[in-house]
Amino acid sequence: MSAQELSKTYNPKDVEDKWYSYWETNKLFHATVNKDKTPFTVVIPPPNITGILTMGHVLNNTIQDVLVRWKRMQGFEACWIPGTDHAGIATQNAVEKSLAKEGKNRHDLGREKFLEIVWQWREKYGSTIIQQLRKLGVSCDWERERFTMDEGLSNAVKEVFIRLFEKGLVYRGKYIVNWCPQHQTALSDDEVDHVETNGNLYYIKYQLADSSEYAIIATTRPETMLGDTALCVHPKDERHKHLIGKTAILPIVNRKLQIIGDDYIDLSFGTGVMKVTPAHDANDFLLSQRHKLQQLNIFDETSHLNNSVPKEYSGMDRFECRAKLVKDLEEQGFLLKVEPYAHNIGKCYRCHTVIEPWLSDQWFVKMKPLAEPALLVVQQGVVRFHPERWVKVYEHWMTNIRDWCISRQIWWGHRIPVYYTPDGNYTAARNEEEARKKLGVGNDIPIRQDEDVLDTWFSSWLWPFTTLGWPEENEDLRYFNPTDTLVTGPDIIFFWVARMIMANIEFMKATAGKDGKPRKHNADLIPFRDVYFTSIIRDAQGRKMSKSLGNSPDPLDVIEQYGADALRFTVTYLSPLGQDVLFSTEKCELGRNFANKIWNAGRFLLMNKKEIIGDQNLILDKLPTEHLDLADRWILSRLNQAIKSFNNSLAHFYIDESTKLLYDFIWHDFCDWYIEIVKTRFYGEEPREIKAIVVARALWIFDQALRLLHPVMPFISEELWQNLAERNGQSLMRADFPSVNESYINQTIETKFNFIIKVIEAVRNIRGELNVTPSKEIQIVIHFQNKHTEITAENIANAQGFLNYIDRLCRGKTKPIWTTESAELKKPKASASAVVEGTEIFVPLEGIIDLDAERNRLEKEIARLQGLVDGITRKLSNTNFVERAPKDVVEKEREKQKNISENKEKLKRSLEQLR
RNA sequence: GGGCUCUUAGCUCAGCUUGGUUAGAGCGCUACCUUGACAUGGUAGAGGUCAUAGGUUCGAGUCCUAUAGAGCCCACCA
């Protein structure tokens with residue numbers, strides 16, 4: 001489309017897909033090792049293959065894209081590595097659900113067939129979210145797209161497991177794990193949500209053997225008593241310490257329980273006597289290890305009672321069993337009382353089934369040795385968190401870290417590379433052959449691989465280096481790792497961020513860095529320098545937007561309705577560092593309106609370019625500096641200030657601030673003032689050659705603004721930029737980001753221009769307040785103070801030029817004239833008036849003015865100024881202030897007092913004349 | 001129990017890092033305007049004891065302490 005045919009409103013649909021495929025087919029997203037450039041690398045938090053795009057992804061990926069596009073334009077070798085996560089439990093869930101619809105389950109199919117189906121499922125749906133991300137305009141290097149279960153990453157996972165195993169950092173053990181009976185797998189501590197729930201506290205009588213005495217215990221899970229193997233009291237508890245060493249009889253079961261003493265007991269809770277159920281409570285398990293107690297497992301993997309309990313209970317569901325047991329205890333006189341009791345219950349973070357602590361064989365990573373260096377790099381600021389407060393949270397977790405349960409009893413995932421001989425020996429190996437070698441067994445003896453798979457995070461914690469080819473050592477890895485910025489949600493700080501820091505440090509030690517030498521310094525071992533924790537997006541009611549609540553608008557609908565740029569702009573505008581964001585679809589009107597404003601600014605300039613210069617394309621390679629007037633100098637000052645502030649805000653991750661800067665500069669400075677003033681020159685009397693310079697300059701400044709805008713709104717900026725001038729096949733996304741020219745930043749110019757703004761606003765105010773319609777022509781008499789005459793004389797082409805500004809910008813027909821301080825002032829009789837920094841403005845309105853309204857207006861203004869003067873006077877009469885405050889502050893107050901008083905007096909005189 | 005965050009206009013939020021302009025924006029509201037980019041627009045206006053109470057200071061929306069309310073995270077009580 002040629003420039004002159006721009007439509008009246010901006011239509012995102014006409015341009016978004018067009019430019020995205022242009023960028024992609026021309027490989028503009030692709031990054032390669034380039035020794036002449038500094039790399040800027042970002043790895044995407046890999047979305048789940050089960051996922052669809054949510055507002056959370058929109059925010060997260062927009063921020064990444066803003067950073068990546070900004071750096072790319074600044075001349076960095078910007079590389080954004082995309083990919084997806086296999087999401088073990090989530091994906092297996094999704095597939096099992098769809099199988100269930102056909103009445104099948106995974107056990108009917110068997111492992112191999114089931115995995116085949118999951119892979120098919122992944123082929124079909126696994127790239128949905130990746131396609132959706134493209135709609136948002138993300139500039140990922142798609143040639144580098146990875147998947148946590150692709151061949152390379154799977155090998156890396158194996159390699160890591162084996163190395164950790166050989167170092168003794170991976171071990172197998174019987175431990176209490178969080179067992180989800182729904183998924184029939186262990187979960188890590190982080191995968192358990194604690195939900196406050198109203199339950200009951202049951203008080204149960206345990207008879208002592210050979211005695212009439214009994215102990216009372218309190219429990220919220222009475223069914224677990226079937227697995228009790230001891231009672232426990234505090235050794236210093238006067239009430240109960242005599243019980244230590246005695247034996248109690250477990251009700252119903254009649255098992256003998258020894259009574260032990262341990263200071264784990266909380267004296268203030270319950271009865272002071274605790275039942276010990278080693279196989280079904282984490283703390284009891286620890287007790288049982290200390291006291292060498294029997295660990296009796298009473299549940300199967302579905303949390304039904306197994307046959308180690310009396311047969312009337314075996315086979316029952318745990319909650320059925322609880323009900324029956326409570327009834328039986330009551331009937332047999334063991335139940336003393338039941339109290340309502342609110343407590344936290346652990347639930348599966350995926351299916352919300354109540355977690356059952358369960359004793360089983362699992363694999364763990366020993367975390368302490370990995371955590372120590374990872375804690376240090378954050379404390380020392382080698383890795384920086386934004387906002388910083390997450391450092392404390394991180395510290396707390398890292399110093400109290402527990403071993404990581406990494407085995408999962410599901411099928412979809414990286415199978416644990418451990419092989420067992422029939423007699424129970426085992427080792428970690430890359431394949432069966434290697435395993436036989438390590439185990440020293442021949443082909444005649446069958447060995448089997450562990451059935452379990454690894455936690456999903458066991459592949460994602462390697463993401464910053466496996467995506468670059470590790471364990472293979474290559475140029476990419478040396479060049480792009482450590483990466484620069486990670487953008488992610490604070491909810492996965494432990495799942496993912498902390499573990500990536502650990503893994504990168506651990507495994508990059510043996511890898512060469514940028515200089516080709518082994519990495520030694522922390523700065524080369526970390527996975528990323530900066531971590532930006534995004535806001536949590538909430539709905540209008542303040543609820544977190546989530547798939548399960550279904551309260552997240554579909555971003556694709558939002559894009560359809562408002563455009564991707566509008567969505568990008570709006571979410572970044574709304575996201576202050578470290579605070580939550582309330583989002584609703586309608587808020588995207590903000591972004592849409594802004595896009596339309598920009599569009600029309602471009603349209604206007606191009607229309608005038610055609611009018612003045614004609615059809616030939618401009619080059620816009622440099623700023624035309626001829627015939628600069630005050631407004632030109634002012635907008636150049638504002639532009640350079642905007643560039644400077646934008647860079648500064650982004651460097652500090654104040655994303656919302658940088659977006660607001662763009663908005664204010666383009667809408668208010670450029671459109672509201674500069675374009676309006678440029679109009680006076682387009683339609684004025686200046687020769688065509690000068691007008692040509694003026695329009696070319698306006699276009700050059702707009703070109704700069706589009707470059708500035710591009711990281712946030714890539715589509716509209718590219719479309720307009722291409723229309724603006726001859727580009728010879730270059731794309732804006734690879735164009736130079738504007739650099740700051742300090743010499744244009746000029747406070748004096750801005751002050752002078754602000755005076756003009758104030759004069760114009762004063763006249764507009766008179767018109768508005770006195771209800772003088774724009775069609776009514778008014779005369780304006782401006783009585784300049786000397787200090788202001790120079791503004792018109794020196795900085796605007798001529799005095800007529802200044803009056804043209806006034807005429808044009810006062811939004812209505814005007815006939816401005818001016819006098820100077822030294823000239824005799826012929827104050828019109830019935831007139832409205834205003835004072836701007838001492839310069840008086842009169843609007844003679846005899847016959848049309850509502851004198852009462854004007855008196856009212858003046859009285860109000862005088863009262864306001866009086867209030868200000870009073871405040872300052874009070875301050876200045878405080879001797880403490882005058883003596884102790886810095887001199888310049890006091891001087892400023894004096895100056896202020898003087899100026900405001902003078903203005904007030906002038907208005908008072910005008911008011912007198914109206915009486 | 002430990003930690004963190006928030007409370008500013010009718011609504012949603014900036015401003016606090018580094019104390020000193022007449023405390024800002026968007027939406028909404030009121031009035032006027034379809035003027036040769038844009039009504040997804042323009043101009044003007046109304047609207048705020050900056051949660052409360054103390055403290056530091058010449059001076060506090062901004063710094064400190066406490067309180068109240070809202071929310072989040074971690075740990076966990078059998």
Side-chain angles (χ1 to χ4, degrees), chain A residues 6 8-10 194 201 217-221 224 232 264-266 268-277 281 283-284 341 343-344 387 389-390 392-393 396-397 400 490-491 493-494 536 538 540 542 544 562 566 573-574 576 578-584 586-587 589-608 611 652 656-657 660 663-664 668 671-672 675-676 679 682-683 761 764-775 808-813 864-865 867-868 871-872 875 878-886 888-890 892-893 896 900:
Chain A
L6 297 188
K8 199 171 165 183
T9 51
Y10 171 58
H194 293 276
L201 194 57
I217 63 92
T219 179
T220 55
R221 296 189 300 153
T224 61
C232 184
Y264 163 72
I265 299 298
D266 177 359
S268 64
F269 186 87
T271 60
V273 187
M274 190 184 81
K275 67 191 208 54
V276 183
T277 319
D281 182 282
N283 288 311
D284 292 10
Y341 184 67
H343 61 134
N344 285 328
R389 69 182 136 88
W390 291 106
K392 265 194 185 175
V393 179
H396 184 258
W397 192 73
N400 296 288
D491 49 333
I493 185 168
F494 309 131
I536 290 173
R538 301 179 179 281
K544 186 173 167 177
Y562 295 101
Y573 185 93
L574 291 174
Q579 295 303 327
D580 293 351
V581 172
L582 294 192
F583 181 85
S584 58
E586 312 82 70
K587 287 192 173 174
E589 284 179 15
L590 177 72
R592 179 202 58 188
N593 295 355
F594 183 43
N596 195 54
K597 187 76 184 179
I598 299 163
W599 183 256
N600 275 287
R603 190 167 153 248
F604 169 79
L605 292 176
L606 288 168
M607 282 164 61
N608 282 280
E611 193 66 31
H652 290 93
D656 61 324
E657 200 176 279
K660 281 171 186 130
Y663 186 88
D664 286 339
H668 296 125
C671 292
D672 287 353
I675 285 191
E676 291 304 322
K679 271 183 193 170
F682 288 168
Y683 305 143
E761 283 177 344
R764 286 173 182 172
N765 175 269
I766 289 171
R767 254 197 203 279
E769 290 279 279
L770 301 182
N771 251 326
V772 182
T773 64
S775 57
R808 195 85 208 178
L809 296 176
C810 285
R811 306 283 158 193
K813 291 188 179 166
R864 192 181 69 92
L865 295 181
L868 292 177
I872 299 166
K875 220 173 183 179
N878 179 348
T879 50
N880 275 330
F881 172 71
V882 180
E883 280 165 21
R884 297 197 183 184
D888 57 322
V889 172
V890 178
K892 224 157 102 190
E893 290 298 314
K896 217 160 72 184
I900 297 175

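First the proteins, then the strands, lettered A, B, ... as listed; each starts at 1. What you see below is based on every heavy atom in this structure, not just the backbone, and it leaves out hydrogens, waters and symmetry mates. Please read all numbers here as calculations on a predicted model, not as lab measurements.
For the pair A/Asp281/A/Thr224, no side-chain contact is recorded, criterion being any heavy-atom separation below 4.5 Å from C-beta on.
Remark: RNA chain B forms stems of 3 or more consecutive Watson-Crick or G-U wobble pairs, all pair distances under 3.5 Å, at B:1-7 with B:68-74, B:10-13 with B:24-27, B:29-33 with B:41-45, B:51-55 with B:63-67.
Using a 4.0 Å heavy-atom cutoff across all strands shown, A/Lys275 reaches no nucleic acid atom at all. Residue-level contact check: A/Val890 touches neither bases nor backbone, having no heavy atom under 4.0 Å from any strand. Among the atoms of the strands shown, none is found under 4.0 Å from any heavy atom of A/Leu574. Across all strands, A/Tyr264 comes closer than 4.0 Å only to sugar-phosphate atoms, never to a base (heavy-atom distances).
Under the salt bridge (charged side-chain N to carboxylate O under 4.0 Å, His left out) criterion, A/Arg592 pairs with no residue at all, not counting sequence neighbours. Taking the ring-ring contact (aromatic ring centres under 6.0 Å, His included) definition, one finds that A/Tyr264 meets it with nothing, sequence neighbours left out. For A/Lys875, the salt bridge (charged side-chain N to carboxylate O under 4.0 Å, His left out) test picks out A/Glu893, with sequence neighbours left out. In this structure A/Arg864 satisfies the salt bridge (charged side-chain N to carboxylate O under 4.0 Å, His left out) test together with A/Glu861, sequence neighbours excluded.
Sequence order on RNA chain B of the closest nucleotides to A/Lys587 and A/Lys8 puts A/Lys587 first from the 5' end.
A cation-pi arrangement is not found for A/Lys587 relative to A/Tyr573, the charged atom failing to lie both closer than 6.0 Å to the ring centre and inside a 45° cone about the ring normal.
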Applying side chain to side chain contact (heavy atoms under 4.5 Å, CB included) to A/Tyr10 and A/Lys597, what does each step give before you reach the verdict? CA-CA 9 Å; A/Tyr10 171 58; A/Lys597 187 76 184 179; over 6 Å; no
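Ion pairing between a basic and an acidic side chain is recognised when a charged N comes within 4.0 Å of a carboxylate O; A/Asp888 and A/Lys892 show no such pairing.
Going from atom OH of A/Tyr341 over to atom P of B/rC77 covers 9 Å, rounded to whole Å. Distance A/Tyr10 OH to B/rG41 P: 16 Å, rounded to the nearest Å. Distance A/Phe604 CZ to B/rG41 C1': 14 Å, rounded to the nearest Å. For the pair A/Lys679 NZ and B/rG36 C1', the computed distance is 8 Å after rounding to whole Å. Taking atom CD1 of residue A/Ile675 and atom P of nucleotide B/rU43, one finds them 13 Å apart after rounding to whole Å. We find that CD1 of A/Ile766 is positioned 13 Å from P of B/rA44, with the value rounded to whole Å.
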B/S/- along nucleotides 14-27 of chain B (protein heavy atoms under 4.0 Å) is S-----BSB--SS-
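Using a distance-only test at 3.5 Å, with no hydrogens or angles considered, no donor-acceptor pair links the side chain of A/Asn765 to the main chain of A/Glu761.
Side-chain nitrogen and oxygen atoms of A/Tyr562 include none within less than 4.0 Å of the OP1 or OP2 phosphate oxygen of B/rU40. For B/rG42, the OP1/OP2 oxygens have a side-chain nitrogen or oxygen of A/Lys597 closer than 4.0 Å. The shortest distance between the side-chain N/O atoms of A/Arg767 and the OP1/OP2 oxygens of B/rA44 is not below 4.0 Å. Put simply, A/Asn600 has no side-chain N or O that comes within less than 4.0 Å of OP1 or OP2 on B/rG41. Between A/Lys392 and B/rC4 there is a side-chain polar atom (N or O) within less than 4.0 angstrom of OP1 or OP2.
Note: A/Trp599 CH2 to A/Leu6 CG = 4.5 Å, rounded to the nearest 0.5 Å.
No N or O donor and acceptor, one from the side chain of A/Glu769 and one from the base of B/rA31, sit under 3.5 Å apart.
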